[in-house]
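We count ligands from 1, going down the list as the structure has it; atoms in each ligand are counted the same way.
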Amino acid sequence: MNPQINLTQPFVPTSQTPCHNSGWKAQFACPQGRLGWVVGHVMAIKNAPMIRFGVEMLDVQPEDQVLEIGFGHGRGIQLLAQYAKRGFVAGIDISDVMVRQAARRNHEKIRSGYIELSQASVSAIPYEYARFNKVLAVNNYQFWPNAEPNLVEIQRVLDDNGLLVLCLRLKAPQTMLQMVPGYSMDEVEEIAGLVRWVGFRDVQIVRRRAGDETLCILAKR
Ligand SMILES: C[S@@+](CC[C@H](N)C(=O)[O-])C[C@H]1O[C@@H](n2cnc3c(N)ncnc32)[C@H](O)[C@@H]1O
């Protein structure tokens, strides 16, 4: 899997779709088909405050080389590119529907080479060692196939002192009312522990109400 968006040719997704689950909840894990397209637009609105929070925590500078994992609809990519004016923004997502939607949203900067989007998984990031100095993942850690090796894979593409920002939704007290499930504070502490365990340092958790209660884990390579 790793077809990249090339706006001069039709996007050809991988023949084997990496979306395995079925049911409407799976549309958040890997949006597919027409419903997936609609879900993408809904997430772009619903998750906008959380994405802004993540981007703010990443503190993007004009020359930064940034990767977003699980970009979905591509609003995060759009925002990152506004800050990394002279830098480079790459994104990976396993859903071909989301790659198309995000490409539409960001077509001008893809054309000029500032943004590059690929259909790929966090388990095999299609970039070389130390390619980025910042990595963002909002609202998709819960879908990663295997968190520990996936975090090691992120470390591989981050340069020394590079920053990872991983944002998660906190479980609402009245869970029945929450459409998208969240994490408990203990689970977030555990994830932060895993981030530390794989070798990241200066691990911090920042909490804010960003639409929903949100926690971003910040960690240095
Ligand atoms: C809930 S959506 C979040 C989209 C966006 N980040 C947001 O906050 O609105 C999760 C996204 O992660 C993507 N995703 C799921 N598993 C992935 C994986 N293993 N590697 C990369 N992206 C993945 C899905 O295709 C989907 O676009």
Query raised in the report: Would you call D159 and R221 a salt bridge, using N to O less than 4.0 angstrom?
Result: no

Query - salt_bridge(R111, E108) N-O dist < 4.0 Å - result: no

Requested in this report: Mind jotting down which protein residues get a heavy-atom contact under 4.0 Å with ligand 1? Chain and number order, please.
Outcome: F28, A29, C30, P31, M43, N47, I51, G70, F71, G72, H73, D93, I94, S95, M98, A120, S121, V122, V138, N139, N140, F143, P145

Report task. Please determine if E213 and R207 form a salt bridge, counting it only when a charged side-chain N lies under 4.0 Å from a carboxylate O. Result -> yes

Query raised in the report: Which residues pass the side-chain hydrogen bond (donor to acceptor under 3.5 Å, both in side chains) test with R196, sequence neighbours left out?
Result: none

Report task. With sequence neighbours left out, write down each residue that passes side-chain hydrogen bond (donor to acceptor under 3.5 Å, both in side chains) with E190, or none if nothing qualifies. Result -> none

Report summary line: Residues passing the side-chain hydrogen bond (donor to acceptor under 3.5 Å, both in side chains) test with E56, sequence neighbours excluded, are R208

